[in-house]
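Heads up: the structure comes next, in structure tokens.
For clarity, every value in this text was computed on a predicted model and none was experimentally measured.
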Amino acid sequence: MEIREATISDVPFVLDAIIESEKSGTEILSWARILGATEDQVRSYIHDILIEEIEGQEWYIPNFRIAVLDGEPVAALSCWIEGETGLASSTLKAQAMAYMAADLWSAASKNLQLVASVQIARAKGALQLEHIYTVPSKRGQGIASLLIQHCIDTSRQDNNSPHLAEIQLMGENEPALRSYTKCGFLKTTTGPISEIEAINLLPGRYRVSLTRKI
Amino acid sequence: MEITEIKTNLKAIFSKVFQAHDIEITESLTADQVNKWDSLSHLTMIAEVESTFGIKFKLKELVGMKNVGDMITLIQEKTST
């Protein structure tokens with residue numbers, strides 16, 4: 001198996017990885033619910049953000065690592081250092097989505113505030129791992145773990161090597177939680193979602209932050 | 001537009017959006033230093049800046065702003081054309 005940095009030709013696979021990981025094993029795509037958009041619309045917005053190449057947030061093609069088996073992409077994840085470009089990744093992502101989905105954004109302000117109120121702030125300076133995705137036919141083979149370890153190992157070679165790695169996900173995603181725990185991650189923060197309206201917008205009832213020292 | 005005038009307007013916007021009434025507008029000011037500056041209030045602030053100064057930022061400009069100094073420079077450029 002080869003692990004390589006994503007390029008613009010990987011956009012279709014990266015888009016699949018983003019959409020499926022956002023759903024977190026459910027059929028709920030939170031951006032579609034928040035904006036009142038279809039899945040195709042959300043896919044189109046994220047596609048346009050990927051093409052814009054905005055650094056410092058997860059939807060930036062060079063942040064993605066792709067696992068390739070027999071010439072085919074089988075897994076992906078996005079990794080970046082939080083706050084490295086000055087603004088928080090959540091701010092950059094929201095800015096990009098507000099720009100792309102400008103026609104829907106103002107009508108979605110109540111939903112946006114609800115979801116923002118249950119987010120866990122990412123640790124500044126930490127290696128962030130997001131959109132960890134393996135194609136269904138290759139699951140259970142430890143490919144995601146290899147990708148995670150690859151990102152951690154390569155981050156150690158940077159001049160400003162991070163001291164912490166962080167993964168955020170919905171707490172109900174137990175297979176993923178087990179897998180990350182096996183990789184040495186520990187649950188550090190749990191954000192229970194009490195607002196019933198927020199629960200309807202998200203693919204779970206609580207968010208979890210897992211961290212691991214590097 | 002003069003920098004002092006831009007800063008006066010920004011102070012009014014920041015005071016309203018971030019409820020930071022005694023905020024000092026400096027070039028080095030960043031989101032980390034302002035209590036209520038989060039992803040959503042950031043977007044509200046940008047919309048207020050665009051409306052107040054009668055300008056429109058491009059996406060690359062928006063995501064490239066590292067501090068208030070970058071924003072002041074862009075406002076100066078856009079209001080002088």
Of the backbone (N, CA, C, O) and the side chain (C-beta and beyond), which part of Glu55(A) lies under 4.5 Å from a heavy atom of chain B, both, or neither?
-> neither
Lys124(A) versus chain B, the contacting section by heavy-atom distance below 4.5 Å | side chain
For Leu59(B), is it the side chain, the backbone, both or neither that has a heavy atom under 4.5 Å from a heavy atom of chain A?
-> both
Glu50(B)/Lys56(B) ion pair, N-O < 4.0 Å | yes
Verify whether the ring centers belonging to Trp31(A) and Tyr45(A) lie closer than 6.0 Å.
-> no
When the 4.5 angstrom heavy-atom criterion is applied to Ala88(A) and chain B, the contacting part is neither
dist Arg43(A):CZ -> Ile19(A):CD1 (nearest 0.5 Å) comes out at 5.0 Å
Would you mind checking which part of Leu112(A) comes under 4.5 Å of any heavy atom in chain B, side chain (CB onward), backbone (N, CA, C, O), both or neither?
-> both
When only pairs under 4.5 Å are counted, which of Asn67(B), Asp38(B), Thr44(B), Asp32(B) shares the most heavy-atom pairs with chain A?
-> Asp32(B)
Can you list the residues that meet the side-chain hydrogen bond (donor to acceptor under 3.5 Å, both in side chains) rule with Ser30(A), with sequence neighbours excluded?
-> none
Is the shortest side-chain N to carboxylate O distance from Lys11(B) to Asp22(B) below 4.0 Å?
-> no
